[in-house]
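Following: one structure in structure tokens, then a few remarks.
In what follows, residues are counted from 1 in the order of the sequence shown. Indexing begins at 1, ligand by ligand and atom by atom, following the structure's order. The basis for the numbers below is simple: all heavy atoms, side chains too, and nothing from hydrogens, waters or symmetry mates.
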Amino acid sequence: MASSTSCSQADGIIANKHELTPLEKHVMFFDINNDGIIYPSETYQAFRKMGRGIFRSMFAAVLIHFNLSHKTRLGKCPSLFFPIVVENIKYAIHGSDSGAYDSEGRFVQEKFEEIFKKHAKQNADSLTYNEVKELLKTNRKPKDYYGWANAFVDWNSLYDLGKNKNEILTKETVKAVYDGSLFEQIEKEHASK
Ligand code: HEM
Ligand SMILES: [Ca+2]
């Protein structure tokens, strides 16, 4: 017997919800109207607020929603509106990552420290682009091509958005991506220009 909710459009709204996990905070910047569901138009707007161009923002929205929407819809039919359900974002965690989010989307301090212990060779508190590439290579699980591609996008986007004027990624910046505060900082910096 078909479940009456199997194709429902009524996705979870974050109401009466536990405190947001760091991974949920990471994505909430993109939920412009704060209703717990991120639509591609919201991701587009969020990228624009951070100063990205029209084409890049559209490309990012299409890529992210095409890739992640179905993973957060838990048994519901894929939706042509490509919504991402924030409270299910932990199901979008992929392999070949740093492990600094655990499977529930909580922040794992030791794994975060490991990134810098292993890869920050030039300076203990920052990463150069070559060190980011090294990190990606080291984190690769054999044949996990989906994970490799996703980790590549995560870290290259972070480097692109977060690098400072000396073209390096500071530990503070990387920390700030894990709770999403980096996106607000970048928005403010962009607005003040
Ligand atoms: C410019 C925007 C973004 C940047 C720079 C960024 C960057 C990152 C970084 C660096 C990680 C950590 C990966 C690791 O620990 O190896 C991450 C994880 C993640 N991000 Fe983003 N992200 C962005 C936007 C988004 C958006 C819009 C979504 C979805 C709505 C999203 C969903 C995720 C998920 C599900 C993870 C967990 C992946 C994992 O650790 O396996 N991100 N992101
Ligand atoms: Ca929304």
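Counting all heavy atoms, side chain and backbone alike, Trp148 lies closest to Lys141 at NE1-O, 2.8 Å. For the pair Tyr159 and Thr128, the tightest heavy-atom approach, listed with the atom from each and the gap, is CE1-C, 4.4 Å. Here the shortest heavy-atom pairing between Phe30 and Ile38 reads O-CG2, 3.3 Å.
Classification of the His26-Tyr101 ring pair by plane angle, with boundaries at 30° and 60°, yields perpendicular. Using bins of under 30°, 30° to 60° and over 60° for the plane-to-plane angle, the ring pair Tyr178/Phe112 lands in the perpendicular bin. The aromatic rings of Phe66 and Phe82 sit tilted, their planes meeting at an angle between 30° and 60°.
Counting non-hydrogen atoms of neighbouring residues, nucleotides and ligands closer than 6.0 angstrom, the CZ atom of Phe152 reaches no more than 12 such neighbours.
Donor-acceptor pairing under 3.5 Å is lacking for the side chains of Gln185 and Glu189. Using a 3.5 Å distance cut-off with no hydrogens or angles, the side chains of Ser96 and Asp144 do pair a donor with an acceptor.
Residues with a heavy atom under 4.0 Å from ligand 1: Leu23, His26, Val27, Phe30, Ile38, Phe47, Ile64, Leu68, Ile84, Ile89, Ala92, Ile93, His94, Asp97, Ser98, Tyr101, Asp154, Trp155, Ser157, Leu158, Leu161, Val177, Tyr178, Phe183.
Ordered by chain and number, Asp31 OD1, Asn33 OD1, Asp35 OD1, Ile37 O, Glu42 OE1, Glu42 OE2 make up the set of protein N, O or S atoms under 3.0 Å of the Ca ion (ligand 2).
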